[in-house]
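Numbers here simply count residues along the sequence, with the first being 1.
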Amino acid sequence: MRISGDNSDQTILGEIGARIRRVRLQRNVTQQELATEAGVSRPTVQGIEEGRPSQLVSVIRVLRALGIPDGLEQLVPEPGPSPIEMLEMQGEERQRAGGARGGRGVKGAGR
């Protein structure tokens, strides 16, 4: 199932839980083993897999224990710079070269 903004909160939680469960089973790890590795209780892992509301820190710990915390980058991607930040990054356009002052630095200049 594709997760979209049209899905209910419960549907999204259920899909995330189901995906976590599939990853756990593919790695042949029990709920208790995952819970121990993640530093959470087995009922917490069970609740996440069943799509029950859970603390975000518990979900992060479970994802880390499964070796898939990079998925959070896609969940909440880093926003790009705002238009004002873009303008500030551009700075002022140079009007002329900086060169050395007083003719120094150019061979034969100033003689």
Side-chain angles (χ1 to χ4, degrees):
M1 175 188 124
R2 180 156 166 67
I3 296 174
S4 74
D6 296 334
N7 299 122
S8 70
D9 294 348
Q10 189 56 47
T11 300
I12 293 170
L13 287 172
E15 181 62 22
I16 290 170
R19 291 179 186 188
I20 288 172
R21 177 181 168 85
R22 285 194 300 270
V23 170
R24 178 181 62 78
L25 291 173
Q26 285 174 349
R27 296 186 179 168
N28 198 28
V29 176
T30 67
Q31 285 182 339
Q32 184 58 56
E33 290 168 337
L34 178 56
T36 300
E37 178 70 24
V40 299
S41 67
R42 190 198 56 75
T44 296
V45 171
Q46 183 179 9
I48 291 170
E49 289 184 357
E50 290 175 357
R52 293 197 303 256
S54 303
Q55 289 187 4
L56 183 57
V57 69
S58 297
V59 175
I60 291 169
R61 288 176 179 175
V62 166
L63 292 174
R64 183 177 290 125
L66 288 170
I68 55 173
D70 296 343
L72 293 172
E73 182 63 33
Q74 293 175 329
L75 179 65
V76 184
E78 180 71 31
S82 71
I84 291 177
E85 290 171 328
M86 292 288 288
L87 287 173
E88 289 172 351
M89 288 188 315
Q90 288 178 356
E92 292 184 23
E93 191 173 318
R94 291 184 65 176
Q95 300 298 314
R96 57 183 126 170
R101 305 266 185 225
R104 291 182 305 237
V106 178
K107 197 171 187 177
R111 289 189 182 177

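In this structure, Glu49 contributes its side chain and Ile20 its backbone to no donor-acceptor pair below 3.5 Å.
The environment of CZ in Arg64 is sparse: at most 12 heavy-atom neighbours from other residues, nucleotides or ligands sit within 6.0 Å. Within 6.0 Å of the CZ atom in Arg19, the count of heavy atoms belonging to other residues, nucleotides or ligands exceeds 12.
When the side chains of ILVMFWY residues are joined at heavy-atom separations under 4.5 Å, either directly or via intervening members, Ile48 and Leu56 end up in a single hydrophobic cluster. Linking ILVMFWY residues whenever their side-chain heavy atoms come closer than 4.5 Å, directly or via other members, places Val29 and Ile68 in the same cluster. When the side chains of ILVMFWY residues are joined at heavy-atom separations under 4.5 Å, either directly or via intervening members, Leu63 and Leu25 end up in two distinct hydrophobic clusters.
Considering OG1 of Thr11 and CD1 of Ile16, their distance stands at 11.0 Å, rounded to 0.5 Å. Of the inter-residue distances, the one linking Gln55 atom CD with Arg61 atom CZ reads 8.5 Å to the nearest 0.5 angstrom.
Of all heavy-atom pairs between Leu13 and Gly51, the closest is CB-O, 3.3 Å. The minimum heavy-atom distance between Arg24 and Leu34, with the atom names listed, is CD-CD2, 3.7 Å.
Every side-chain hydrogen bond (donor to acceptor under 3.5 Å, both in side chains) that Arg42 has, sequence neighbours left out, goes to Gln31, Gln46.
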